[in-house]
> 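Before anything else, here's the structure in question.
Note: hydrogens, waters and symmetry copies are ignored here, and every other heavy atom, side chains too, is used. Note that the coordinates shown come from a computational prediction; the quantities given were computed from them, not determined experimentally.
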Amino acid sequence: MKKFYVATAIPYVNDKPHIGHAMDYMLADTLARYHRQLGDEVFFEAGIDEHGNKIAMKAKEQGLEPKAYTDKMLPVWQDFLKKLGVSYTNYIRTTDPLHEKVAQHIWTQLKDYFYKGSYEGWYCTGCESFVTDKEVQANNGICPDHNKPYEKLSEENYFFKLSAFGDQIKQALQAGELKIVPDFRKHEILNLIESGLEDISFSRPKKNLSWGIPVPGDEHHVMYVWFEALINYLSVLDYPDGADYKKFWAPDVQVIGKDILRFHAAIWPAMLIALNIPLPRVLLVHGHVLASGTKMSKSIGNVIDPLEVMNGYGVDAFRYYFLRHIPTTDDGDFTWEKFETAYNNELANELGNLVQRVASMIERYQDGVIGEVPRGRHDTGSFHTDMGNFQFDRALNYIWTMVRELNVYLQEVQPWDLAKKGDNQRVQEVLAECVSGLRQIAELLWPFLPTSSEVITKIFAKETLTKFNGVLFPKIYQHTPDPKNGKQVPAPDAPAHG
RNA sequence: GGCAGCGUAGCUCAGCUGGUUAGAGCGAAGGACUCAUAAGCCUUAGGUCACAGGUUCGAAACCUGUCGCUGCCA
């Protein structure tokens, strides 16, 4: 039995989950489920990142201690995972004693690569990072991502000799030891390495920031939040002595957004090389989701709340759109119109209706008896190729060609006509063929739309039909007109969208 | 400014190492059917493959330049 370790980037819990986090989770979950189907033993990590300035400030705003604040945020994030149907196996908080212990252990291990130095520069508390003078100038002194002025900071910190690892990281990338998907992200990092990696400050003076993991042996410093957050991938396995660590290290896939590529493709590998342990096999880097072609931002007010989509249309509809219609490794676009069109046309009409028409004919012509069903014999080679290349959108396209083929097949054979002619045996054969196809579709669909997959599987699992109350993917016309009457009915409790 | 990439039907995009009349989905128009969530199926839509040169028997695909756009870096 093979092991498969998939990790998600642990989110910083200074806010509620957004679409980008959902992308992380859905991609990782799809991989995890797919590998379970392949028979692999899956370790699926999720968690939250709780230290640092931003959290401390946010907590203060609410009159809470930082830990009390993150305790409060924990259920928000865990409920989110639950709603998304994320099948994680292990959860880590960066305030867990285990995590703190591992982080301190690693700090000690890396001691030879640290030196004390002073750093003066512009800092963005939003980014939790220093920025170059040029960048400050280019942005007129205000961080464009956080709309906050940069602050001039001078600190004495522990520096990590990141600059010493460029060649080794480069080698690992070129040899494919550490693979970055898609390829152009690898080039970006190689470029970055080419231009020279600079040493990075891995600590913060305690007087400026007390909300962090203490640096072992130096009561005046706490760890830089990124340093210890990255360690979550190890601490969740109880590095270095835990059974999970021995069994599952290294990650087979780490799913991240493009905005944190540098941390995962430069700093993180350097840390692992310094620790002398294997690098992750693949960094799967997804793009951003745009709203009507523009970046989502609070100030524009065009932020799509994942919960609103899920509450209105169901988890599977949500997963479906983002896994099929947002390219896995590129930026994609969300509009309510596109989403609802895909939902009605593809999920309701093509798939949902197909399930229903087959079930209904079995009920009508055969009193619900399915009878003998041939084995699914669709050649799924290209599906698995796509899955292996992380091209989930293509893999879903493949499933949909199967859905369409079945609809075409029914149209060509016209079992309703055969039934009229009394050719009962042929009717049974045709419907059994459809059931076979649907079973196979349900199986392939499981990593993507587990709930719907299980419903379909259940309906057609036995010798006789198992009735399903209700409809798979009922039509919804809230953002597109209903062809019947040209009306669209906004959900009563849904806020207005532009 | 450096590096990478993109510009193909109204929209979203496929088109691998160059080879018959340039493809799919959506949207639009028409049609036959009735098992089904008034779903599904069939047909049609004529796009100088950004522009200009070049290489070649032959280029959307290779080279050069121009214009426009995006990402990463500076």
Side-chain angles (χ1 to χ4, degrees), chain A residues 131-139 180 182-198 257-262 265-266 285-288 290 292-295 321 324-335 337-366 382 385-386 389 391 393-394 396-398 400-401 403-420 427 430-431 434 438 459 468-477 480-486:
Chain A
V131 292
T132 60
D133 288 347
K134 277 186 184 173
E135 204 168 333
V136 173
Q137 226 166 25
N139 296 321
I180 300 182
D183 228 37
F184 68 88
R185 298 285 176 209
K186 177 176 87 179
H187 293 300
E188 286 177 7
I189 289 300
L190 284 173
N191 241 316
L192 190 75
I193 292 172
E194 209 58 50
S195 66
L197 296 175
E198 284 177 26
K258 65 179 183 181
D259 51 318
I260 54 174
L261 176 63
R262 292 173 63 172
V285 188
H286 68 255
H288 287 165
L290 308 174
S292 307
T294 34
K295 199 172 168 179
Y321 186 84
R324 185 175 184 199
H325 293 289
I326 303 293
T328 307
T329 52
D330 276 302
D331 288 353
D333 195 37
F334 178 94
T335 68
E337 290 74 16
K338 280 184 190 173
F339 170 74
E340 193 171 271
T341 301
Y343 173 84
N344 282 329
N345 290 358
E346 294 157 23
L347 289 175
N349 292 346
E350 291 184 320
L351 178 59
N353 180 60
L354 173 64
V355 169
Q356 183 127 323
R357 70 196 296 212
V358 172
S360 140
M361 281 190 272
I362 291 169
E363 191 63 48
R364 180 190 267 230
Y365 303 135
Q366 298 170 187
S382 76
T385 303
D386 291 337
N389 292 331
Q391 293 182 300
D393 47 342
R394 281 180 177 241
L396 275 163
N397 282 343
Y398 179 85
W400 248 256
T401 61
V403 171
R404 288 179 182 177
E405 274 171 24
L406 278 185
N407 274 320
V408 171
Y409 175 69
L410 281 172
Q411 188 62 35
E412 279 172 356
V413 188
Q414 308 204 1
W416 50 91
D417 195 48
L418 295 170
K420 267 184 210 155
V427 170
V430 170
L431 294 179
C434 291
L438 280 169
I459 293 173
F468 172 62
N469 293 323
V471 177
L472 207 54
F473 308 116
K475 293 283 199 54
I476 299 174
Y477 297 102
T480 53
D482 185 339
K484 269 187 283 189
N485 52 25

> In whole angstrom, give the distance that lies between atom CG of Asn191(A) and atom C1' of A4(B).
8 Å
> Decide yes or no for Val285(A) and Thr329(A): does some side-chain heavy atom of the first lie under 4.5 Å from some side-chain heavy atom of the second?
no
> Among C35(B), G40(B), C73(B), which nucleotide sits nearest the side chain of Asn353(A)?
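Output: G40(B).
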> Leu351(A) has an atom CG; how far is it from atom C1' of G40(B), in whole Å?
13 Å
> Return the value, rounded to whole Å, for the distance between atom CG of Leu410(A) and atom P of C35(B).
12 Å
> Could you state the atom-to-atom distance from CD of Glu340(A) to P of G27(B) in whole Å?
13 Å
> Given that both pair distances must be under 3.5 Å and the pair must be Watson-Crick or G-U, what runs of three or more consecutive pairs involve RNA chain B?
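Stem list for RNA chain B: B:1-7 with B:67-73, B:10-13 with B:23-26, B:28-31 with B:41-44, B:50-54 with B:62-66.
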> Between C41(B), A4(B), C35(B), which one does the side chain of Arg404(A) approach most closely?
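So the side chain of Arg404(A) is nearest to C41(B).
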> Can you tell me, in whole Å, how much space there is between the C1' of U48(B) and that of U8(B)?
12 Å
> Whole angstrom is fine here: how far is it from OH in Tyr343(A) over to P in A39(B)?
13 Å
> Base, sugar-phosphate, or nothing for Phe473(A), non-hydrogen atoms under 4.0 angstrom?
base
> Are side-chain N/O atoms of Glu346(A) and Trp400(A) paired as donor and acceptor at under 3.5 Å?
no
> Using atom C1' in both nucleotides, what's the gap between U55(B) and U44(B) to the nearest angstrom?
39 Å
> Please determine if a side-chain N or O atom of Lys338(A) lies less than 4.0 Å away from the OP1 or OP2 oxygen of U12(B).
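Result: no.
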> Measure from the side chain of Asn407(A), starting at C-beta and using heavy atoms only, and say which of G40(B), C35(B), A39(B) lies closest.
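Selected nucleotide (nearest to the side chain): G40(B).
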> Given atom CG of Asp183(A) and atom C1' of C16(B), what is their separation to the nearest angstrom?
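Going from Asp183(A) (CG) to C16(B) (C1'), I get 15 Å.
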> With heavy atoms under 4.0 Å as the rule, sort Arg394(A) into base, sugar-phosphate or nothing.
sugar-phosphate
> When you measure only distances, ignoring hydrogens and angles, does the side chain of Asn349(A) come within 3.5 Å of the base of A39(B) through a donor and an acceptor?
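Absent.
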> Please give, in whole Å, the distance from A24(B) P to His325(A) NE2?
18 Å
> Do Arg394(A) and Asn389(A) meet the criterion of a side-chain donor-acceptor pair at a distance under 3.5 Å?
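Short answer, no.
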> Between Asp330(A) and Phe184(A), does a side chain to side chain contact (heavy atoms under 4.5 Å, CB included) hold up when you go through it step by step?
CA-CA 11 Å; Asp330(A) 276 302; Phe184(A) 68 88; 3.9 Å; yes
> Between Tyr343(A) and Tyr321(A), is the ring centroid distance below 6.0 Å?
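No, the ring centres sit 6.0 Å or more apart.
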> With distance as the sole test, does Asp386(A) use its side chain to make a donor-acceptor pair with the main-chain N or O of Asp393(A) at under 3.5 Å?
no
> Would you measure the distance from the C1' atom in G23(B) across to the matching atom in G46(B) and give it in whole Å?
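Rounded to whole Å, the distance is 14 Å.
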> Name the nucleic acid region contacted by Gln411(A), choosing base, sugar-phosphate or nothing; use a 4.0 angstrom heavy-atom cut-off, strictly under.
base
> Identify whether any heavy atom of Asn345(A) sits under 4.0 Å from a base atom; if not, whether one sits that close to sugar-phosphate; answer base, sugar-phosphate or nothing.
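Result for Asn345(A) = sugar-phosphate.
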> If I pick the C1' atom on U20(B) and the same atom on C67(B), what distance separates them, to the nearest angstrom?
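One C1' to the other, the span is 34 Å.
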> Distance check, C1' atoms only: A32(B) and A50(B), in whole angstrom units.
42 Å
> Between A28(B) and C63(B), how many Å separate the two C1' atoms, rounded to a whole number?
41 Å
> Checking all strands, does Val471(A) fall into the base, sugar-phosphate, or nothing category for heavy-atom contacts under 4.0 angstrom?
base
> How close or far is atom P of C26(B) from atom CZ of Arg324(A), stated in whole angstroms?
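Atom-to-atom, Arg324(A) to C26(B), this comes out as 9 Å.
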> Starting the side chain at C-beta, find the nucleotide from A39(B), C35(B), C26(B) nearest to Lys420(A).
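Closest nucleotide among those given: C35(B).
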> Against Asp331(A), only a single residue in His288(A), Lys258(A), Lys295(A) fulfils side-chain hydrogen bond (donor to acceptor under 3.5 Å, both in side chains); can you say which?
Lys258(A)
> Nearest heavy atom decides the nucleotide; on that basis, is Val408(A) or Pro327(A) closer to the 5' end of RNA chain B?
Pro327(A)
> Side chains of Gln391(A) and Thr328(A): is there a donor and an acceptor less than 3.5 Å apart?
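There is no such pair between these side chains.
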> Of Ile189(A) and Gln414(A), whose closest RNA chain B nucleotide lies nearer the 5' terminus?
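Closer to the 5' end of RNA chain B: Gln414(A).
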> Looking only at the side chain of Trp416(A) (C-beta and beyond, no hydrogens), which of the listed nucleotides G40(B), C73(B), C33(B) gets closest?
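Closest of the options to the side chain of Trp416(A): C33(B).
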> How far, in whole Å, is A45(B) from C11(B) if one measures between their C1' atoms?
14 Å
> Apply the test side chain to side chain donor-acceptor pair (under 3.5 Å) to residues Glu337(A) and Thr480(A): give CA-CA distance (whole Å), side-chain angles for both, the deciding distance (0.1 Å), then the verdict.
CA-CA 6 Å; Glu337(A) 290 74 16; Thr480(A) 53; over 6 Å; no
> Taking C16(B) as the reference, what is the distance to G1(B) when you measure between their C1' atoms (whole Å, please)?
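34 Å, rounded to whole Å.
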